[in-house]
Amino acid sequence: MKYIIIGGVAGGASAAARLKRIQEDAEIVIFEKGEYISYANCGLPYYIGNTIEDRKKLFVQTPVSFGNRYDADVRTLNEVTAIDRERKVVKVKNLRNGKEYEESYDCLLLSPGAVPVVPNLPGIDLPHIYTLRNVPDCDQIKQRAIEQLKEGASAVIIGGGFIGLEMAENLHRIGYQVTVIEKAPHVLTPLDWPMAAIVQQHLVDKGVRVVPNTALKGFQYREGRLEVLTDGTEIFPCDMAILSIGVRPNTELALQCGLQIGESGGVQVDEYLRTSDEHIYAVGDAIEFPHPVTGKPYCNFLAGPANAQARIAAMNMVYPESVRYNGSVATAIAKVFELTAGATGLNEQRLRQEGIPFQTVITHPAPHATYYPGGEPIHLKLNFDPETGRILGAQAVGKKNVDKQIDIISLLLKHQGTIYDMINSEHAYAPPYGSAKSPVMFAGMVAENIMAGLMKPVQVEELDAMIDRGEEFQLVDVREIQEFKTGTIANAENYPVDELRELMEDLDPEKKTVVFCEVGLRGYVAARILMQSGFTEIYNLIGGMKTYRLIGKHNRG
């Protein structure tokens, strides 16, 4: 069998390696229009920021080493320009000498990846405007930084997603004054605002300027400097601008040869990663596949799923319909200075768009045993089905163990797990590494309390809306008086939880009551005391004062 693979990196190279492991006599030809067959795409920002000093470490395999190990014909700087499905041949252009030729195949794999979104705006072709998608992009940015970095040098990043913020950190690290412009109300839109607010404030604290709710309108050159133009009144002069506003599936070849394109813009594949042509498979950023939660097709631009798809596609190319792919829940993570931010599944915006009912809990557990030194809270947000308890999505921000929590929840979510699975999950525990009641378990327990009717939740936005409407209710701060004096919510009265049984006679049991503490636990204890003492309508503020300080409107200092 002769296999042709179009595109290297995560999808194509992984598929080729798997093909050879399961079929030694396979003839494999890999076409890559770029110069590199297998490199650490996600490591590029860290090379720019000098965290990775040796450029060679970005390359997992060279074309020669990969070809030798897997007995594959690796042709870099060879671009496939067309696929003739009827004749089962591809048309190729050798970019070194311009010659064109054809190559036949028995089975073909498309792994062309994605292309950066570059809007057609005034000045978009001016110098020193970059995207970061591959090694040549990285080299251009690196060279610009080496040549032009000086005191007061500035960079503007358009787009505050995971890659944009990694670039913000790394450019800041080498001396740039960095501004991040984001069209959405906040950075990291896969995260809901209570979690993204933590990251956004951290960026500001580190000296990165964040400009949300601002759309790019174009570029211009004035007095020798590039200027970024937006829909606001301010103009942003800079020494370089980086477009990080997203990517789209590279479907050029698929469209040319008439393969089916799906509703979200990616190549349509079945559960075996087979396209509408039984002899052509596709993987990676170019495809769309139903989301395990919504059941609707979507495009997922992550290296992990691309590697998994490559392995499955290779198996099915040799042994048709032998292994099924079950989709991706879009688990992603990023380092942002001292913080780690991770997400899996669906956020509130997506859940509302899909019309999926959900409930939310926010917790602030320690990353390990509280008595062991060195721990700062993990901020964990869980979205779940209020009827079944099924996990719909989760986000976490913190300095330690964030990846552990997100990975556990991601695994449960992908297998249609529930909050009860979170509670019953088992975790390695020792004081330096975790708590006997892990953050995942704890979030599940809070969710279970809501589902069991042991606590009625109120979110920060809901509480602010109640205050804005002038609604009549009792707002009870159950923290200690010393905590209360450092700041609370407007109109709140202090009834410390340990004295609540003696003090609650001053409260009206018939009146709607909202209780809150620092993170939610003492609020829950207070809610249970009041609910079992004849109070008819008791709510606990989800996330407590720690979340309210970040996003609430009625702080009283």
Enquirer: Please report the shortest heavy-atom distance between I174 and A145, naming the atom on each side.
Expert: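 Closest approach of I174 to A145: CD1-CB, 3.9 Å.
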Enquirer: Has the side chain of D421 got a donor or acceptor atom that lies under 3.5 Å from a matching backbone atom of T418?
Expert: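 Checking the backbone N and O of T418 against the side chain of D421, a donor-acceptor pair under 3.5 Å is found.
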Enquirer: Return the minimal non-hydrogen interatomic distance between A490 and L475, and the atom names on each side.
Expert: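 Closest heavy-atom pair between A490 and L475: O-CD2, 3.5 Å.
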Enquirer: Can you run down the side-chain hydrogen bond (donor to acceptor under 3.5 Å, both in side chains) pairs that involve residues 527-543, sequence neighbours left out, and say none if there aren't any?
Expert: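 side-chain hydrogen bond (donor to acceptor under 3.5 Å, both in side chains) check on residues 527-543 returns E537-Y539.
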Enquirer: Sorted by first residue and then second, give each salt bridge (charged side-chain N to carboxylate O under 4.0 Å, His left out) pair with at least one member in residues 538-557; sequence neighbours left out.
Expert: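 Found D468-K553, E518-R549.
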Enquirer: With R209, which residues qualify under salt bridge (Lys or Arg N to Asp or Glu O under 4.0 Å), at least two apart?
Expert: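 R209 satisfies salt bridge (Lys or Arg N to Asp or Glu O under 4.0 Å) with E234 only.
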Enquirer: Is any side-chain heavy atom of L380 closer than 4.5 Å to one of I362?
Expert: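 They are not in side-chain contact.
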Enquirer: Donor-acceptor pair, H415 side chain versus G417 backbone, under 3.5 Å?
Expert: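 Side chain of H415 to backbone of G417: no pair is present.
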Enquirer: Please report the shortest heavy-atom distance between G262 and Q268, naming the atom on each side.
Expert: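 Looking at all heavy atoms of both residues, the closest pair is CA-NE2, 3.9 Å.
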Enquirer: Test your reading of the model: is there a side-chain donor-acceptor pair from Q459 to the backbone of I542, 3.5 Å cut-off?
Expert: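 Absent.
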Enquirer: Quick one: CD1 on I529 to CZ on F535, what's the gap to the nearest 0.5 Å?
Expert: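 It comes to 11.0 Å.
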Enquirer: Looking at K183, I'd like to know if its NZ atom is crowded, meaning that more than 12 non-hydrogen atoms belonging to other residues, nucleotides or ligands lie closer than 6.0 Å.
Expert: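 Not buried by this count: 12 neighbours or fewer within 6.0 Å.
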Enquirer: Using distance only, find each side-chain donor-acceptor pair of residues 195-204 under 3.5 Å and give its atom names and separation, not counting sequence neighbours.
Expert:
{"unit_1": "Q200", "atom_1": "OE1", "unit_2": "V187", "atom_2": "N", "d": "3.1"}
{"unit_1": "Q201", "atom_1": "NE2", "unit_2": "D205", "atom_2": "OD1", "d": "2.9"}
{"unit_1": "H202", "atom_1": "NE2", "unit_2": "E338", "atom_2": "N", "d": "3.1"}

Enquirer: For the atom pair CE (M240) and OH (Y130), what is the distance rounded to the nearest 0.5 Å?
Expert: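 The distance works out to 6.0 Å.
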Enquirer: How far apart are the closest heavy atoms of A168 and V180, and which atoms are they?
Expert: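 So the two residues come closest at CB-CG2, 3.9 Å.
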Enquirer: How far does CG of N213 sit from OG1 of T230, to the nearest 0.5 angstrom?
Expert: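 Interatomic distance, N213 CG to T230 OG1, rounded to 0.5 Å: 11.5 Å.
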Enquirer: Is there a side-chain contact between L216 and I181 in this structure, where contact means two heavy atoms from C-beta onward sitting under 4.5 Å apart?
Expert: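 Side chain of L216 against side chain of I181, heavy atoms only: no contact under 4.5 Å found.
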Enquirer: Count the heavy atoms belonging to other residues, nucleotides or ligands that lie under 6.0 Å from CD1 of I481, then report whether that count exceeds 12.
Expert: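 Counting neighbours around CD1 of I481, 12 or fewer heavy atoms of other residues, nucleotides or ligands fall under 6.0 Å, so no.
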Enquirer: Mind checking whether L413 and V293 have side chains closer than 4.5 Å, heavy atoms only?
Expert: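 With C-beta onward as the side chain, the pair touches.
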Enquirer: With no hydrogens and no angle check, is any side-chain donor or acceptor of S435 less than 3.5 Å from a backbone partner on S438?
Expert: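 Flag not set: sc S435 to bb S438 has no pair under 3.5 Å.
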Enquirer: Mind checking the OH-CZ spacing from Y420 to R390? Nearest 0.5 Å is all I need.
Expert: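 If I round to the nearest 0.5 Å, the distance is 14.5 Å.
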Enquirer: Show me the pairs that pass salt bridge (charged side-chain N to carboxylate O under 4.0 Å, His left out) and involve residues 365-382, at least two apart or across chains.
Expert: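 Checked against salt bridge (charged side-chain N to carboxylate O under 4.0 Å, His left out) - neighbours excluded - the pairs reaching residues 365-382 are D192-K381, E348-K381, E376-K399.
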Enquirer: Side-chain contact, heavy-atom cut-off 4.5 Å: I242 with T131?
Expert: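 They are not in side-chain contact.
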Enquirer: Would you check if V515 and L541 make a side-chain contact, meaning some heavy-atom pair closer than 4.5 Å?
Expert: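 Contact flag for V515/L541 side chains = no.
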Enquirer: Measuring from atom CD of Q359 to atom CG of L392, what distance do you get when rounded to the nearest 0.5 angstrom?
Expert: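 These two atoms lie 11.0 Å from each other.
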Enquirer: Regarding T547 and H364, do their side chains bring together a donor and an acceptor under 3.5 Å, going by distance alone?
Expert: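 T547 vs H364: donor-acceptor pair found between side chains.
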Enquirer: Does M422 form a side chain to side chain contact (heavy atoms under 4.5 Å, CB included) with L382? I'd like the steps, not just the answer.
Expert: CA-CA 11 Å; M422 292 173 65; L382 173 69; 3.8 Å; yes
Enquirer: Between K150 and D239 (salt bridge meaning N to carboxylate O under 4.0 Å), is one present in this structure?
Expert: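 A salt bridge links K150 with D239.
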Enquirer: Where do S425 and M441 land on the side chain to side chain contact (heavy atoms under 4.5 Å, CB included) test, with the steps shown first?
Expert: CA-CA 7 Å; S425 59; M441 294 170 65; 3.9 Å; yes
Enquirer: Measure the CG-CD distance between L339 and E169 for me, rounded to the nearest 0.5 Å.
Expert: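 Answer rounded to 0.5 Å: 10.0 Å.
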Enquirer: Would you name the heavy atoms of P439 and A366 that are closest together and state the gap between them?
Expert: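 Smallest interatomic distance, heavy atoms only, reads CG-O, 3.8 Å.
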Enquirer: Restricting to ring pair (Phe, Tyr, Trp, His ring centres under 6.0 Å), what partner residues turn up for F337, sequence neighbours left out?
Expert: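 F337 satisfies ring pair (Phe, Tyr, Trp, His ring centres under 6.0 Å) with H172 only.
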Enquirer: Could you walk me through whether V476 and Y495 pass the side chain to side chain contact (heavy atoms under 4.5 Å, CB included) test, one step at a time?
Expert: CA-CA 6 Å; V476 180; Y495 290 79; 3.7 Å; yes
Enquirer: Looking at side-chain heavy atoms only, is the closest gap between Y548 and H554 below 4.5 Å?
Expert: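 Side chain of Y548 against side chain of H554, heavy atoms only: contact under 4.5 Å found.
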Enquirer: Please confirm whether the backbone N or O of A184 pairs with a side-chain atom of E182, one donor and one acceptor, at under 3.5 Å?
Expert: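 Confirmed, E182 side chain pairs with A184 backbone.
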Enquirer: Listing request: all salt bridge (charged side-chain N to carboxylate O under 4.0 Å, His left out) pairs with a residue in residues 482-507, at least two apart in sequence or in separate chains.
Expert: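 Those involving residues 482-507 are E483-R522.
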Enquirer: In terms of side-chain geometry, is the basic nitrogen of K512 or E472 positioned less than 4.0 Å from the acidic oxygen of its partner?
Expert: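 Salt bridge flag = no for E472 with K512.
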Enquirer: Look only at the side chain of D231 and the backbone of T214, and say whether a donor-acceptor pair between them is shorter than 3.5 Å.
Expert: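 No, D231 side chain to T214 backbone: no donor-acceptor pair under 3.5 Å.
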Enquirer: Please tabulate, for side-chain N and O atoms in residues 41-51, each donor-acceptor pair with protein atoms closer than 3.5 Å (sequence neighbours left out).
Expert:
{"unit_1": "N41", "atom_1": "ND2", "unit_2": "R133", "atom_2": "O", "d": "2.7"}
{"unit_1": "N50", "atom_1": "OD1", "unit_2": "K142", "atom_2": "NZ", "d": "2.5"}

Enquirer: Which pairs pass salt bridge (charged side-chain N to carboxylate O under 4.0 Å, His left out) with one or both residues in residues 430-441, sequence neighbours excluded?
Expert: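 As it turns out, there is no salt bridge (charged side-chain N to carboxylate O under 4.0 Å, His left out) pair with a partner in residues 430-441 once direct neighbours are skipped.
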Enquirer: Between the side chain of N383 and the main-chain N/O of N347, is any donor-acceptor distance below 3.5 Å?
Expert: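 Checked: no pair found.
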Enquirer: Is there side-chain contact between V361 and P457, with at least one heavy-atom pair below 4.5 Å?
Expert: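 Sidechains of P457 and V361: no contact.
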Enquirer: Show me the donor-acceptor pairs, under 3.5 Å and distance only, between side chains in residues 153-167 and residues at least two apart or in other chains.
Expert:
{"unit_1": "S154", "atom_1": "OG", "unit_2": "R225", "atom_2": "NH2", "d": "3.0"}
{"unit_1": "S154", "atom_1": "OG", "unit_2": "P237", "atom_2": "O", "d": "3.4"}

Enquirer: Determine whether more than 12 heavy atoms belonging to other residues, nucleotides or ligands lie under 6.0 Å from atom CD of E471.
Expert: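 Buried by this count: over 12 neighbours within 6.0 Å.
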Enquirer: What do the steps show when you test V446 against M455 for side chain to side chain contact (heavy atoms under 4.5 Å, CB included), and what is the final call?
Expert: CA-CA 9 Å; V446 176; M455 178 183 76; 4.1 Å; yes
Enquirer: Can you sort out the partners of Y429 under ring pair (Phe, Tyr, Trp, His ring centres under 6.0 Å), two or more places apart, ordered by chain and number?
Expert: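 For Y429 there are no ring pair (Phe, Tyr, Trp, His ring centres under 6.0 Å) partners, ignoring immediate neighbours.
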Enquirer: Which pairs of donor and acceptor atoms, one on a side chain in residues 295-309, lie under 3.5 Å apart (sequence neighbours left out)?
Expert:
{"unit_1": "K296", "atom_1": "NZ", "unit_2": "E354", "atom_2": "OE1", "d": "2.8"}
{"unit_1": "Y298", "atom_1": "OH", "unit_2": "S328", "atom_2": "O", "d": "2.8"}
{"unit_1": "N300", "atom_1": "ND2", "unit_2": "S328", "atom_2": "OG", "d": "3.2"}
{"unit_1": "N307", "atom_1": "OD1", "unit_2": "S14", "atom_2": "OG", "d": "2.6"}
{"unit_1": "N307", "atom_1": "ND2", "unit_2": "A303", "atom_2": "O", "d": "3.0"}
{"unit_1": "Q309", "atom_1": "OE1", "unit_2": "G284", "atom_2": "N", "d": "2.6"}
{"unit_1": "Q309", "atom_1": "NE2", "unit_2": "Y325", "atom_2": "OH", "d": "3.1"}

Enquirer: Quick check: does any side chain N or O of D385 sit under 3.5 Å from a backbone N or O of F358, one acting as donor and the other as acceptor?
Expert: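 Judged by distance alone, no pair lies under 3.5 Å.
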Enquirer: Which pair of non-hydrogen atoms, one from A396 and one from V402, has the smallest distance, and what is that distance?
Expert: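 Nearest pair, atom of A396 first, then V402: O-CG1, 3.6 Å.
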Enquirer: Any side-chain heavy atom of I450 within less than 4.5 Å of one from K456?
Expert: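 With C-beta onward as the side chain, the pair stays apart.
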